[in-house]
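Notes to accompany the following structure.
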Amino acid sequence: MSGILVVAEQRRGELRPSSLELITAAQHLRRPGDEVGVAVLGNAPERHVSALSLAGVDEIITLKTAAAEFDPDTFEAALGALIAQRRPDVVLVPHSVDSFGYAAALAAKHGLGFATDVFDIRRINGELVATRGGYGQKVSVEIDFPGRSTVLLALRGSSFKAPEQSGAPRVTVFEAPPVAGRSRLREFIELPAADDVDMSGAEFILTIGRGIGEEANVAQFRELADAIGATLGCSRPIADAGWLPKSRQVGQSGKTASACRLYIAMGVSGAIQHLAGMKHVSTIVAVNSDAGASIFGVAKYGIVGDIFEVAAELRRQFEGGAA
Amino acid sequence: MKILVAVKQVAALDEDFEFRDDGRDVDPDFLIRDLNEWDDFSLEEAVRIKEAAALPTTVVAVSVGPGDVDEVLRKCLAKGADRAVRIWDDAIEGSDPIAVARVLAAAVRREAPDLLFAGVQSSDHSFASTGIATAAFLDWPHAAVVSQLSYTPGAATAVFRRELEGGLLQEVEIQCPAVLTIQLGINTPRYASLRSIKQAAAKPIDVVSLADLGLVAADVGEAGSASRVRRMYVPDKGHAELIEGGAAAQAARLAAIIREFKGDSA
């Protein structure tokens, strides 16, 4: 068989949103006669069938596993068996914390062509070509997979839009091989809120990053945020250093700026994990001394300059009740 | 007891840079090299476990790369690794993470540690793949994105937290030996003291060849890789409108953007 196999990830009974985007990505690679199958794993995979019955899906393959949640040994055994049976040309998985735990192992064990954090895919003269970033996202890298009959690609979230129209795929049950998992999930833990800030609900955010240099400088940006009426957020290094609580971290492992409409990033370089939490905001203003910083790639307005000088001048603008 | 820490010498681009003549990578003259940021945390985690251990425990830093990689291995030795292993052969040039993992797995078999740490990803090419692919070649239990770890050398299991998306964590127990990929922020890496830097100069770096590991040229390089770079280029940078002028003028314009937003949302 040929065709495209999409792996839908779920957590605590809910499909991960990036899973649906893979269905759209699959349409870009589809050739005449190709089928798009979506595999979903879990102890009750059939519960996701209706949500996955979308335009462009020919088949939903349910793989019932003993583990309710993601487990690397389970995923590798089940998907390995499915790939060996179906022999798809392309397997698409989300570039996610869970796929970090199984995708490379699957590729290594089964001799698959392999690339991660892919944001563009196409066929050039029939050959699959994937594009990803390199050198801290400062360059783009086109990758191909000579001699590989199956290629596994982990796609970056938000690279494609999820399909909106529903479809009527057939549903197949695949018997996943039993696995003696070598790790065991004990529990999920929600990070306790260290303060009562709601980054997801904030409409106006001022975020600080590594560019602020040292902890003593946090105070002046907190005062600036108050002066301009913004919620103060931060990128990962600031939270890791303990300068601001983790609840103020915007990005993949922190909060998504869901309600935000104006986002000012000061001294934030724009690591891909940070962009994942804010690049959708309609008005982004980036202030950074490095004109090559990735944050300018998603910003509407850019200020190349010293963040301390700009911050001081901005505060002056809002002092004396001018706001 | 032994913990192996896989480290990588990463490369960042100089402000101005040029591509190689074949257009498939940057000219190495324009690369600035350093220890991968994630690996600083995984090394620190190993050293802390060793320092707290009742049983004598050795921390070994291992890297795949040519002679100049000794610089990052010396850094690891200065920060508390007991010894270092560097694996190189010209045939390894051009290896992707899968081929590098095959080499690392062979080195791990030779060292037989109780745990292997790798960074979640590297700051340069961010594949987030090498550690987990190494586990597959070893057929060892594995877990990615570990942000908190509880492990006593000699124990049959380790307990850790994985950092998932959106502030959610998972607590997991795993059988050892295992491969764990370590996330930023799991600890606060130490700085090497002048004294430890001096001491590091006397610690050994074993240089190991492919043949020493029982591998051949076809296992590595382009032949042993799961992907091949076709082309590298500078992407279209997006279309940020640059606000020009001095800080005062730039701030005035930014203030106007903020006031316009507030007017709209009022």
Side-chain angles (χ1 to χ4, degrees), chain A residues 72 97 100-101 104-105 107-109 112-117 129 134-136 138-146 182-191 203-204 228-229 236 240 252-255 261-262 283 285-286 296-306 309-310 313-314 317-318, chain B residues 11-13 15 26 97-98 101 120 123-129 132-133 135-137 141-145 161-165 167-175 184-185 226-235 237-238 240-243 247-248 250-252 254-255 257-258 261-262 265:
Chain A
V97 171
F100 283 15
K109 270 185 202 159
L112 313 179
F114 181 55
T116 60
D117 200 15
V129 175
Y135 295 112
K138 297 226 168 149
V139 301
S140 289
V141 189
E142 279 182 4
I143 285 177
D144 61 10
F145 311 91
R182 297 170 294 181
S183 54
R184 187 176 63 84
L185 172 64
R186 286 179 163 182
E187 58 175 333
F188 284 98
I189 299 156
E190 309 263 5
L191 268 188
E203 296 188 350
F204 176 21
I228 64 177
R236 169 154 213 138
D240 277 352
Q252 186 178 289
S253 57
K255 299 296 178 193
R261 291 183 294 122
L262 176 59
T283 304
V285 185
F296 290 116
V298 299
K300 185 171 181 185
Y301 302 102
I303 293 176
V304 178
D306 182 286
E309 286 179 18
V310 174
E313 291 291 345
L314 184 60
Q317 292 276 340
F318 280 84
Chain B
L13 296 180
E15 202 163 313
V26 170
I98 299 291
V120 165
S123 59
D124 50 4
H125 294 299
S126 317
F127 272 99
S129 301
I132 298 302
F137 288 123
H142 48 278
V145 196
R161 288 182 176 184
R162 290 178 74 218
E163 182 190 79
L164 308 177
E165 291 88 352
L168 190 65
L169 301 169
Q170 241 178 9
E171 190 168 281
V172 180
E173 182 174 14
I174 197 166
Q175 296 170 13
L184 300 176
S227 62
R228 181 182 68 172
V229 174
R230 278 176 101 240
R231 183 169 81 98
M232 207 177 267
Y233 59 97
V234 176
K237 279 279 164 59
E241 179 194 320
L242 283 187
I243 299 173
Q250 289 171 325
L254 181 48
I257 292 167
I258 294 168
F261 165 78
K262 291 187 159 182
S265 58

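First the proteins, then the strands, lettered A, B, ... as listed; each starts at 1. Treat the numbers as computed from the prediction; the structure is a model and nothing was measured.
More than 12 heavy-atom neighbours from other residues, nucleotides or ligands sit within 6.0 angstrom of CD on A:Glu187.
Using a 4.5 Å cut-off between heavy atoms, B:Ala101 does not touch chain A at all. Of the atoms belonging to B:Ala11, heavy atoms from both backbone and side chain fall under 4.5 Å from chain A. For B:Val145, the part lying near chain A is the side chain, with the backbone staying farther off; criterion is any non-hydrogen pair under 4.5 Å. Proximity to chain B (any heavy atom under 4.5 Å) is restricted, for A:Leu112, to the backbone atoms N, CA, C and O. When heavy atoms are compared at a cutoff of 4.5 Å, B:Ile132 approaches chain A by way of both its backbone and its side chain. Neither the backbone nor the side chain of A:Val298 comes within less than 4.5 Å of any heavy atom in chain B. When heavy atoms are compared at a cutoff of 4.5 Å, A:Lys138 approaches chain B by way of both its backbone and its side chain. No part of B:Ala135 comes within reach of chain A, as not one of its non-hydrogen atoms sits under 4.5 angstrom from that chain. In this structure, chain B has a heavy atom under 4.5 Å from the side chain of A:Val285, while its backbone stays farther away. Interface residue B:Phe137: only side-chain heavy atoms are found under 4.5 Å from chain A.
Here A:Asp144 is the residue among A:Val141, A:Asp144, A:Asp240 with the most heavy-atom pairs under 4.5 Å with chain B. Between chain B and the residues A:Ala286, A:Gly229, A:Gly136, the most heavy-atom pairs under 4.5 angstrom are made by A:Gly136. Across A:Asp117, A:Val304, A:Thr283, the residue that shares the most heavy-atom pairs under 4.5 angstrom with chain B is A:Val304. When A:Gly101, A:Pro72, A:Gly297, A:Ala104 are compared by the number of non-hydrogen pairs under 4.5 Å with chain B, A:Ala104 comes out ahead. Heavy-atom pairs under 4.5 Å with chain A peak, among B:Leu169, B:Val172, B:Ile98, at B:Leu169. Top candidate by heavy-atom pairs under 4.5 Å with chain A, chosen from B:Ser123, B:Ser126, B:Pro141, B:Ala136, is B:Pro141. For the set A:Glu309, A:Arg184, A:Lys109, the entry with the most heavy-atom pairs within less than 4.5 Å of chain B is A:Arg184. When the candidates B:Ile174, B:Ile257, B:Leu168 are compared by the number of heavy-atom contacts under 4.5 Å with chain A, B:Leu168 comes out ahead. Of the residues considered (A:Ala115, A:Ser253, A:Gly113, A:Pro146), A:Ser253 shows the highest number of contacts with chain B, using heavy-atom pairs under 4.5 Å. Contact count versus chain A (heavy atoms, under 4.5 Å) is highest, among B:Ala144, B:Ala226, B:Ala255, B:Gly167, for B:Ala226.
In this structure, the side chain of A:Arg236 engages the main chain of B:Leu184 through a donor-acceptor pair within 3.5 Å.
Contact between A:Phe296 and B:Ala240 at its shortest, heavy atoms only, is O-CB, 3.5 Å. Smallest separation of non-hydrogen atoms from A:Val310 and B:Ala247: N-CB, 4.2 Å. For A:Glu203 against B:Phe261, the heavy-atom pair with the smallest separation is O-CZ, 3.6 Å. Across all their heavy atoms, B:His125 and A:Gly134 have their closest contact at ND1-CA, 3.5 Å. The shortest heavy-atom contact between A:Val97 and B:Arg162 is O-NH2, 2.9 Å.
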Residue pair A:Glu313, B:Gln250: steps toward the side chain to side chain contact (heavy atoms under 4.5 Å, CB included) verdict: CA-CA 9 Å; A:Glu313 291 291 345; B:Gln250 289 171 325; over 6 Å; no

How far apart are the C-alpha atoms of A:Phe145 and B:Arg228, what are their side-chain angles, what is the distance that settles it, and do they pass the side chain to side chain contact (heavy atoms under 4.5 Å, CB included) test? CA-CA 6 Å; A:Phe145 311 91; B:Arg228 181 182 68 172; over 6 Å; no

Where do A:Tyr301 and B:Leu254 land on the side chain to side chain contact (heavy atoms under 4.5 Å, CB included) test, with the steps shown first? CA-CA 9 Å; A:Tyr301 302 102; B:Leu254 181 48; over 6 Å; no

Does B:Arg230 form a side chain to side chain contact (heavy atoms under 4.5 Å, CB included) with A:Ile143? I'd like the steps, not just the answer. CA-CA 5 Å; B:Arg230 278 176 101 240; A:Ile143 285 177; over 6 Å; no

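With sequence neighbours excluded, the residues that form a side-chain hydrogen bond (donor to acceptor under 3.5 Å, both in side chains) with B:Asp124 are B:Lys8, B:Ser122. Not counting sequence neighbours, B:His142 has no partner by the ring-ring contact (aromatic ring centres under 6.0 Å, His included) test.
Between A:Phe114 and the options B:Ser227, B:Ser129, B:Pro97, a side-chain contact (heavy atoms from CB on, under 4.5 Å) holds for only B:Ser129.
The CG atom of A:Leu185 sits 11.0 Å away from atom CD of B:Glu173, with the distance rounded to the nearest 0.5 Å. Summarising the geometry, atom CG belonging to B:Leu164 is positioned 6.5 Å from atom CZ belonging to A:Phe188; distances are rounded to the nearest 0.5 Å.
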